[in-house]
Amino acid sequence: MNEHATTAHRVLPYAAGTSLIAGAVLFFAGLATSPPSTGDDKASYLQSLAADPFQTQLSALLLHYGNLLMGVGLLALPLLVRGRRGNVMTLVGALLGALFLTEMSGALLSDWFHMEIGRNLPVEQAVALSDKVLAHPAQQLAFSPGPLVSLALLLTFVGLARAGVIGWWSLAGIVLGYAGLLLMPYDTPILPAVGTLPMLAVMAFAGLRVIERARITAPEPVSVA
């Protein structure tokens, strides 16, 4: 093994594990700082984003990097599987999860768009314009994976559980956290943030496992004669 390969094997697992942990923290912070919504309709959503541009941008920035870092970190999870059991499921789930989470990170650009049309257009026009933009099938394909994110995460952690890397409790964490994300009221943003904690805890724990495995299997430094 050459020196560059040794450095990569030493650094990349730590980077991936840290990405999962940092991504979970940033996602929680992004939800907690979301502008409170006064209703479930599109008009209320746009008005909430327009009401406080600083808070809207802060929340969108944190959520963007939270999704992005968790998506990048997922790519390291198949390396935790040492045998054939759970290998394919973990690999497929992690690849899909990384794709869908990075799509979600890109979707946060719409918060800036919605903030500005909410500030500069009558609410009826703003709603109509938003609906028109978001109705494009290509936009939905590129930036709206929806429940596919949770399905990919479930597939990933079923594979890890089958491989004995992480316990089956992780599946309950994914389900409870995703339910909290969907069902908690957004008029008090800290509630969906807290509701998502079981899922985020699973992601952070997986990051710790990646770092732990990297410490155990770190290659010996190569001596150069």
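For clarity, every value in this text was computed on a predicted model and none was experimentally measured. Throughout, numbering of the chain's residues begins at 1 and tracks the sequence.
Put simply, the side chain of S130 never gets that close to the backbone of A126: no donor and acceptor are under 3.5 Å apart.
Within the structure, ring-ring contact (aromatic ring centres under 6.0 Å, His included) contacts touching residues 103-155 (residues at least two apart or in different chains) are Y45-H114. Residue pairs meeting the ring-ring contact (aromatic ring centres under 6.0 Å, His included) criterion with at least one partner in residues 146-190, sequence neighbours excluded, are W169-F205. Identified under the ring-ring contact (aromatic ring centres under 6.0 Å, His included) test for residues 47-79, with sequence neighbours left out: none. Residue pairs meeting the salt bridge (Lys or Arg N to Asp or Glu O under 4.0 Å) criterion with at least one partner in residues 193-209, sequence neighbours excluded, are R209-E212. Among residue pairs with one or both ends in residues 73-103, none qualify as ring-ring contact (aromatic ring centres under 6.0 Å, His included); sequence neighbours excluded. Judged as a salt bridge (Lys or Arg N to Asp or Glu O under 4.0 Å), the pairs with a partner in residues 121-146 (not counting sequence neighbours) are, in order, K42-D131.
Residues V149 and N67 are not in side-chain contact: their nearest non-hydrogen atoms beyond the backbone lie 4.5 Å or more apart. In this structure the side chain of P35 reaches within 4.5 angstrom of the side chain of L49, judged on heavy atoms. In this structure, the side chains of Q55 and P36 come closer than 4.5 Å at one or more pairs of heavy atoms. Using a 4.5 Å heavy-atom threshold, the side chains of L79 and V210 count as separate.
Going from atom CG of L121 over to atom CG of L129 covers 6.5 Å, rounded to the nearest 0.5 Å. Distance CG/L153 to CE/M203: 5.0 Å, rounded to 0.5 Å. Separation of atoms CG (L20) and CG (L77) is listed at 5.5 Å; rounding is to 0.5 Å. Rounding to the nearest 0.5 Å places CD1 of I174 at 11.0 Å from CG of L151.
At a cut-off of 3.5 Å, with distance as the only test, no side-chain donor of S37 or S44 sits close to an acceptor on the other residue.
Heavy atoms of other residues, nucleotides or ligands lying less than 6.0 angstrom from CG of D40 number 12 at most.
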